[in-house]
Amino acid sequence: MQSILIAFLIMTCAGCGAGPAHTPAEAHARLAAAVGARDGAKLWNALDQDTHWSWMTIQRAWRECYDITQSAVPEGPERTRLLARFEPGATSENAQTLFARMLTPEDWTKAQALVTAAGTRLPALAPSGETSEIPTALGPLVYRKAHNRFWGWGYSGFAERAEQLKRTAHGDLDRMRTDAADYEKAATRGGR
């Protein structure tokens, strides 16, 4: 009786996304549940580790860009434009919140179409053991295993977009740091 209760508790916790997805099939089930519920927080929990890290980097960079803009960019249309651009990262509680805010209706539609196209098939493990996929007529559903043992499996369908945004955010931050130094130099020269 006790072993049945323990098994029930483990299955209940696994279903709520409390820990890592231990198999590609579990990662696929999380994706399907998130898409079915159209729940950004659940979708975040279905993502792979690299996508999470990209969004964490984006949020951190945009928050710093926002702070630099507030402190260094003079009042005017450029400051207003920059503040609006970086506001999602600066005002999001964390990367999960930012990711959910940035999801578009097209993201949901595409994910739903892929999950539907996959039907009841489960991901097939690649020979490397690092990826798993369900091929569909609309494209593959790809799941990746984390590089550390604490994370598990996750859906990588948003990884490319996250990587592109991360590169842009790094460029934004580098430019804002340079611009801030230029604004400070100009203010110093103007104060003489």
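This is a predicted model, so every value here is computed, not measured.
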Indicate yes or no: does [X] engage [Y] in a salt bridge with an N to O separation below 4.0 Å.
{"X": "Arg30", "Y": "Glu26", "answer": "yes"}
{"X": "Asp172", "Y": "Arg85", "answer": "yes"}
{"X": "Glu106", "Y": "Lys110", "answer": "no"}

- Task: Report yes if the distance between the aromatic ring centroids of His28 and Trp153 is under 6.0 Å, otherwise no.
- Result: no

With side chains defined as the heavy atoms from C-beta onward, is the minimum distance between [X] and [Y] less than 4.5 Å?
{"X": "Asp48", "Y": "Tyr155", "result": "no"}
{"X": "Gln96", "Y": "His52", "result": "no"}
{"X": "Val73", "Y": "Met176", "result": "yes"}
{"X": "Cys65", "Y": "Gln70", "result": "no"}
{"X": "Asp50", "Y": "His147", "result": "yes"}
{"X": "Glu130", "Y": "Arg144", "result": "no"}
{"X": "Leu122", "Y": "Ile134", "result": "no"}
{"X": "Thr97", "Y": "Trp44", "result": "no"}

- Derivation of the side chain to side chain contact (heavy atoms under 4.5 Å, CB included) call for Phe158 and Leu43: CA-CA 10 Å; Phe158 292 97; Leu43 185 56; 3.9 Å; yes

Work out which heavy atom in [X] is nearest to a heavy atom in [Y]; give both atom names and the distance.
{"X": "Gly40", "Y": "Leu103", "value": "CA-CD1, 4.1 Å"}
{"X": "Pro105", "Y": "Arg38", "value": "CA-NH2, 3.9 Å"}
{"X": "Tyr143", "Y": "Leu31", "value": "OH-CD2, 3.3 Å"}
{"X": "Arg79", "Y": "Thr69", "value": "NH1-O, 3.3 Å"}
{"X": "Gln59", "Y": "Ala95", "value": "OE1-N, 3.8 Å"}
{"X": "Pro24", "Y": "Leu125", "value": "CG-CD1, 4.4 Å"}

Can you tell me how far the [atom1] atom of [X] sits from the [atom2] atom of [Y], to the nearest 0.5 Å?
{"X": "Glu78", "Y": "Asp179", "atom1": "CD", "atom2": "CG", "result": "8.0 Å"}
{"X": "Thr136", "Y": "Leu114", "atom1": "OG1", "atom2": "CG", "result": "5.0 Å"}
{"X": "Glu133", "Y": "Ser156", "atom1": "CD", "atom2": "OG", "result": "9.0 Å"}
{"X": "Arg175", "Y": "His170", "atom1": "CZ", "atom2": "NE2", "result": "14.0 Å"}
{"X": "Thr23", "Y": "Lys145", "atom1": "OG1", "atom2": "NZ", "result": "11.0 Å"}
{"X": "Thr104", "Y": "Arg161", "atom1": "OG1", "atom2": "CZ", "result": "5.5 Å"}

- Going by atom types alone, do Arg101 and Ser92 pair a side-chain donor with an acceptor below 3.5 Å? yes

- Using distance alone, with no hydrogens and no angle criterion, decide if Gln164 and Thr168 have a side-chain donor and acceptor under 3.5 Å apart. no

- Query: For Trp55, what residues pass the ring-ring contact (aromatic ring centres under 6.0 Å, His included) criterion, not counting sequence neighbours?
  - Reply: Phe99

- Message: Do Trp53 and Val142 sit in one hydrophobic cluster, given that two such residues count as connected whenever their side-chain heavy atoms are within less than 4.5 Å of each other, even indirectly?
- Response: no

- Task: Using a cut-off of 6.0 Å, state whether more than 12 heavy atoms not belonging to Glu160 lie near its atom CD.
- Result: no

- salt bridge (charged side-chain N to carboxylate O under 4.0 Å, His left out) assessment of Glu64 paired with Arg60: CA-CA 6 Å; Glu64 187 173 340; Arg60 197 170 34 251; over 6 Å; no

